[in-house]
Every structure is written in structure tokens, then in C-alpha cells.
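Report on one structure; see the data block that follows.
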Amino acid sequence: MRTPAAINLLALPLVAAKSLWSDSPGNLSSIITTAFPLGNGRLGAMPIGLPGKENVNLNVDSLWRGGPFENPAYTGGNPNVSKADALPGIREWIFQNGTGNVTALYGEFPDYGSYQVLGNLTIDLGDVGTVSNYRRSLDLQSGIYADQFRSGNVDIEREAFCSYPDQVCVYRLSSNRTLPAITVGLENQLTSPTPNVTCHGNSISLYGVTAPTIGMIYNARVTVVAPGLKTSSDHCSRINATVTVPKGQREVYLVFAAGTNYDASKGNAAAGFSFRGKDPYGQVLQTASSAAKKSYFTLRSSHVKDFRALSGTFELSLPDPNNSSNKPTTELIDSYTLPGDPFVENLLFDYGRYLFISSSRPGSLPPNLQGLWTESYSPAWSGDYHANINLQMAHWAVEQTGLGALTEPLWSYITETWMPRGAETAGLLYGAKEGWVTHDEMNTFGHTAMKNDAQWANYPVSNAWLAHHVWDHFDYTQDETWYRDTGYPILKGVAEFWLSQLVEDEYFHDGTLVVNPCNSPEHGPTTFGCTHYQQLLTELFTHLLSTRITRNDPTLHVTLSKTLPLLSPGLLIGKWSQIQEWKLDLDTQNDTHRHLSNLYGWYPGSSISSLHGNNKTVTDAVATTLYSRGNGTEDQNTGWAKVWRSACWAGLNHSDNAYAELSLAVQKNFAANGFSLYGGSTPFQADANFGLVGAVLEALVRDRDRSYDALSGKTTGRVQEVVLGPAIPGAWGNGEIKGVRLRGGGRVNFRWDAAGVVSSCRFDSAGRKSSMAKVRFVGKDGAEITC
């Protein structure tokens, strides 16, 4: 691993890296790597910043082809008849031979569908001649995009944002003199069938379906507002469906609204799993019309107030040793080299939080593989939900950085979309009479069944990994009402399913309970007792047993109490001192596979870190596994693999290795606009953007899961130990962090010196219950810190 070069950090200023900017426009042929993204959860927009004919790429989160909108008999991949009778034979074969297959459980996925682009908004200023003084920027604190340039003696400024309060995106043009004539258009030349575009008065409507006759209906509308100019149908060209504002105006703004007839509440048996809601035309018209009646100042003010209330809940300030704050961020990211640049790392941390705020809001869908943004009719992997790392990584650092309220889309999606179909899948594939199950890849239509390649599709434990985030939300918020009404039913359903699937180990005959069959995500054979599964179930059962609500559910409580001690351990150390990935010691040394599934219990999970984090034999085995797995460039060169490695190294207090992995990810996998790229080039895949935030936090704060201690029955004198600055890289010396949420409630702010030693600290216990364990803050050397 590389060690960062020594830097003299004394007296360097703290810089909060809060904006992206460039002194040149984006590239229309490379939208996804050059445009700056905007979003309000449901709507996404990517302005390119072209001075003459601007192009704004548009998305709406629910616009999907496939599912019941193309086949009324769509089953979410579930078979028409039960396949569960095949399980005993599968298990017997695996116990006899060690490995096997689940071919008999394979499904099919017709009409799986794909996320798709909504369209493009065009704003044509005509020939603006020679352009000077160009600059475009994205303010990560306010969610405001802006660009400006000079044409002759005319200064033109443009702003854009996507407002959650008004459920619209807004684009404004203004000038120090007068604006040229402006022609506005709305189009989509990629989709089939081609949508119908019409204009009336000062509005343009794009109306389409994803398939003939029964496809999903989608509608987008842009309303042009020119204060002081009388609205007339004369401004509308019905020939080419554009609206033109004559020259001479000082201000023009556009209000964009969109929707589909996708309705997640109709994704259950009572609704025939139709997901079909009302035609969106009326609601879109009402939303656009209501917003267009407001002044631009009013729309902007409500948006900024809303956005800052979220972005301002947390702040990381790292030094700027290279004076990078004065350079275009697009150039900084594009030319980023090792050993790194704290300013860029701070910027990408802020950007990860920004992207989550922009792509996950109450009422929206959770972030997909692309977050919210795509320019494609068929994005990679359908732009779907991969649930063996990617969806989970999006939620790694959300609670700690004060964005827990934005996790509502995930709980709604699980409850409304996965659980109804997942209950069917549990019965049809596994014979389970209770609970629900999902696999690796899921669309917005409740595809919960297995696809047809065991190495990546045979992953029924995705439900248990998602349960980790359910627990985190409760642990950080202590919202018992939410837990009783939403969290606990999710966890209980997952536990009920897995209780029905555990079987006694008939290979080693050691009396333990194992999962059979199982497949470590995307790696190795189908076998039994996969480490990843056993870790997840240990964690799930522990979480449930540590709460009063489960104790009031006696049947489940008794069953879990009897089952947890019998679980085969999710921690076995193998023949070359590694953490085994399977109960059979099958690991190959220097296998550089991208996944770290056997280290889930170290990070982001807790079954290793909370119970064995101070055991040198275990921590050495974690390090051995990480060294063997390589640095993440060898297997598909993914950004998410590197930031996961970074977080694991940070958990070991290996600050140099953690920083090396983080900086390598930035160098290899981040585009000039800050989007993370799979394999270092398109496609864009948002997981590393979100995961980087978690990796940085793991180096700065360690707040382990306390449920294992609660389960021990120790109810008095308990201490929650929080480590401040456990793995701060040398390059981040003299930094500061504000607003870190802690498990059990409360938050902490602290600063550290050039050596990464905490120099000041303040703990705010607001929201923390008196019954919670006492908090003890310590430094990386174990010495107590007074906060």
C-alpha cells in the first residue's frame, strides 16, 4: 500500500469544499461525465451549460419500461407453481459434496424492464457570438446551479434548481441589459413509441407511453414565465411545439413538472400487482401552473430554505495545502493524482451528501444504480436496484450525517414493493409460510425472484442486509413509534423467513445451524454456511432480541433466543490466517475479487467489529484478507470496491492504507463532474459517490453497534465508547467536523491537530434518553477525551 507523502500542515486554513465549478461548458456528447446534477428526489435535471443552445437532461424517478405496464400477467419473476420441493434434494447434495447448484430454483425475468431518460429541455438563445468570462457552478449547500457569460456587452446569467417544496425544477435567464429572443423546446428522440409534444400558450407538454396500449404513461410540462410580458398563444409554435419569448426581456424563467402513472401503493395482491395509478396529466398541469404563479424569488427562497436545512446538518472541513479552492473543480478531479488532495476529498464527501439529498426524498423512490440521473434509454444494468452492496452503500453514512429523515423512500419501497411479492417468492421458491425474501436485482415492479445465474442472482439474504439499515435508523434516531410501526414489521418478516430456512449442518455434524444453499455475492460456489449469511443473521437476530418490542412478541422472542446460540459462527479463520468466506476453507490466497462479503461483519456490519474489534488474532485476519483481496483495481476496477476497502482499513486504524484506497478510487473512478464511474469509464454508477462518505466517516469516528452489549443482560453501568479520530490520514491534519450523530441520540463536534490528535470536542446530548448508556469519548490511543 502507498503511504501519502508528508505535508507540512501547520497553520493551513480550514476549507469547507462546498461547490463544483468550471470555466468551460459541459459536453453534449458526454452529459453524464460533464454536466452538474440537480434533483428533488422525484425529478432530476442535468444542465450542460452551453451558451447558445442550452440542453437540460431530464429524469423522473418512476419512469420504467416493463413490468405490468407491458404484461398484465407480470409475476415479478415468480414461477406459476412452487419450486420449493427441490430444496431438500439441493441441500442433501450440497451436504454430501460440499458444493452444488440451485438450477432447480432459477427463474425467468421477462418484462423486467429498465429505467429510462425522460427527455431534454432546450433553451435556444440563437447565435450569441464570441463568449467570454464563462463560469458554471453547483452550490452543494443550496442546490443551486448557475452559469454566466458575456456576449458582446451583454452579461447573461442563468440559474437552475429542483425544488422539493414546489415539486418542480426551475430554470431562469437574466441579463444586465436585455435578453435575446429565447426559444424553448421539450423533446425525447430516443424513446419508442415517440412521445407526443404539443404547446399551448406559454406551455409545452410532452406526453408518452412506454409501450403501445398498456405502457406506463408519462407526462412532462414546461411553462415559460416572462414577467411583464403578456402571455399569448402567439408565442407558441404548434408546428415544432416550441415557445418563443421575443427579445427585450430582462428576466425569463421556466417551470418544469413531470410525473407518471406508476403508483407503488398498487403493488400488492389487492390491486392485482398493477402499480397502475391515475393519468399524470392533471397533476402535472396543476403542479406546473401553481408554481408558475409564484415569483422566481419565492420559488428560489423556499427551495434554498428547504435544501439548506438538510445540507447544513453536518460539516467536514479539511485543509487545502495546494490552494485548490481557487482552481476549477472539474480540472482538480480530472487531474487528481496520488498521494491525493484533501480539498478534493472534502469536496467529494460533500458531493456524496448532496447527491443523496437530491435523489432520496419522502415520496420518491430510493436512489437506484444511477442515483436519479441517466441520459440513456437503456442504462447499464437497467438502472435498477442491486441489493448485494450497491443499494446498501447508498445508505451507509446517511444516519451519521443527519440525513436520516431522507431514508423514508427505502422503507416505503421495502414495505409497498418488495414485501408483497417477496412473500410470494418466499413460498414459491423456499416453502416459507411466513416472512418475505428478495434477491440481488430488483426493478420498481416487485421483481423479488431469483434470476438465472447462481453466481450473482442466488442472493436471498439481501433482505437481511437491508435490515441492517432498518436497525441503524432506529439506533440513531431512537424513534420508537417508527420502529413499532415500520421498522419492526420489516425485521420480523426477514427473521421469520430465515428461521424457516436454517438447517442443521450435516457436513461437519457440529450441531450448528447453517444456511443451505447459499452463494457469497458474485463469488465462488454454491455451498452451505457462507460467512456473509451467517454474519447477517447473527446481526439480525441480535438486533431483534435487544429490543423491548420483540420481548413483547413472545413466540418470536423464544424462537430467536433458542436459535441465535446455535447459529454457525460467521467468523472462521482459515488455513492462511484469513477470514473464511465459506464454512469450508475454500479461499484462494491473492484472489482479488471485488466483493468483500466475508468482511461484512467488520464493515458496514457489526458481528465481527463489535464483538472482536480488540482481538488481535481477528484483526490480523481481517488485515490478511484485505491484503489478499488487492486494492480494487484488479477485478473490474470499480470505485465501490475501493471505498469499501478504505472503510475496512480505517476500521483497523490503518490510516495510510485507508487513505491510499480512498485516493485511488478518486484517481481511477471519478469523472470531472464528480460522478463515480464503473471501471473508470462510463457507465456512471452512484454507489461509490455515496460509499465514499461512509469510508471518510469510518476514519474520523467509530461508534460501534451497542446491541450486543444490551443482549448480554448488562443493564447498569453500561458505557458506549466512541472513538474520535481513529484513522485520520496525515494529509487531513488540522481538520474539523461538526454534527456527527451518535447511536442512542446526541451529536458531537471536534477538531484535531496536525498529527490527527483530537484537540477540542463538544458533545450535545439533545435527543438522547436518560436510560441510554453513558458516552465515553476516547482518542485513537485509547486515552479518554473530555467533551
Side-chain angles (χ1 to χ4, degrees), residues 32-33 37 39 44 61 115 333 345 348-360 365-374 376 379-401 403 406-407 409-410 413 440-443 456 459 462 465-466 468-469 472 521-523 532 593-597 599-600 603-605 632-633 635-648 661-662 664-671 673-698:
I32 208 69
T33 60
D61 66 340
Y115 186 51
I333 299 172
E345 293 131 26
L348 291 174
F349 179 94
D350 295 336
Y351 193 43
R353 292 188 72 241
Y354 168 86
L355 292 175
F356 194 83
I357 295 169
S358 301
S359 61
S360 184
L365 288 167
N368 63 39
L369 277 179
Q370 306 233 190
L372 175 61
W373 302 275
T374 184
S376 175
W381 302 284
S382 301
D384 68 3
Y385 295 98
H386 277 41
N388 65 4
I389 177 61
N390 314 83
L391 177 60
Q392 290 89 341
M393 186 176 281
H395 294 80
W396 273 5
V398 171
E399 303 294 343
Q400 283 178 282
T401 62
L403 300 180
L406 304 189
T407 56
L410 182 60
Y413 185 64
D440 176 26
E441 294 193 25
M442 277 137 318
N443 57 20
W456 50 268
Y459 187 66
S462 59
W465 194 339
L466 288 162
H468 165 91
H469 295 284
D472 268 3
E522 304 186 26
H523 189 215
H532 181 73
H593 193 271
R594 57 197 176 277
H595 282 261
L596 299 176
S597 302
L599 296 187
Y600 165 82
Y603 186 90
T633 59
D635 180 17
Q636 300 191 27
N637 194 26
T638 62
W640 60 260
K642 299 181 188 69
V643 298
W644 194 357
R645 283 159 171 76
S646 177
C648 287
E661 285 289 353
L662 187 77
L664 186 64
V666 178
Q667 181 194 39
K668 295 287 187 180
N669 296 98
F670 284 75
N673 68 344
F675 272 167
S676 60
L677 305 178
Y678 188 92
S681 60
T682 52
F684 159 52
Q685 193 172 306
D687 38 34
N689 284 109
F690 300 128
L692 179 143
V693 182
V696 170
L697 277 177
E698 186 68 1

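Along the sequence shown, residues are numbered consecutively beginning with 1.
- Taking the side chain as every heavy atom from C-beta outward, Thr407 and Glu399 approach each other to under 4.5 Å.
- Between Trp396 and Phe356, a ring centre-to-centre spacing not shorter than 6.0 Å is recorded.
- A donor and an acceptor atom, one from each side chain of Ser676 and Asn689, are located under 3.5 Å apart.
- Of the inter-residue distances, the one linking Arg353 atom CZ with Thr401 atom OG1 reads 4.5 Å to the nearest 0.5 angstrom.
- Ring pair Tyr354/Tyr351 is parallel by interplanar angle, where below 30° counts as parallel and above 60° as perpendicular.
- Residues Leu348 and Ile333 meet the side-chain proximity criterion, which asks for heavy atoms closer than 4.5 Å.
- Residues passing the side-chain contact (heavy atoms from CB on, under 4.5 Å) test with Ala665, sequence neighbours excluded: Lys642, Val643, Phe670.
- Ile389 contributes atom CD1, which lies 12.5 Å from atom OG of Ser462 (distance to the nearest 0.5 angstrom).
- Put simply, the side chain of Tyr603 reaches to within 4.5 Å of the side chain of Trp644, judged on heavy atoms.
- Side-chain atoms of Gln392 come within 3.5 Å of backbone atoms of Ala387 as a donor-acceptor pair (strictly under, hydrogens ignored).
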From CA spacing to verdict: side chain to side chain contact (heavy atoms under 4.5 Å, CB included), Asp384, Leu369:
CA-CA 6 Å; Asp384 68 3; Leu369 277 179; 3.5 Å; yes
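- The minimum heavy-atom distance linking Ala671 with Leu677 is given by the pair CB-CD1, 3.8 Å.
- Across Pro409 and Ser360, no two heavy atoms sit closer than the pair CG-OG, 3.5 Å.
- Leu355 has its side chain within reach of Phe690: a pair of non-hydrogen atoms, C-beta onward, lies under 4.5 Å apart.
- The aromatic rings of Trp381 and His386 lie perpendicular to each other, with more than 60° between the two planes, well past the 30° mark.
- In this structure, the side-chain contact (heavy atoms from CB on, under 4.5 Å) partners of Ser597, at least two apart in sequence or on a different chain, are Ser520, Pro521, His532, Glu581, His595.
- Going from atom CG of Leu662 over to atom CD of Glu698 covers 12.5 Å, rounded to the nearest 0.5 Å.
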Intermediate values then yes/no, side chain to side chain contact (heavy atoms under 4.5 Å, CB included), Glu522 and Asp440
CA-CA 10 Å; Glu522 304 186 26; Asp440 176 26; 4.2 Å; yes
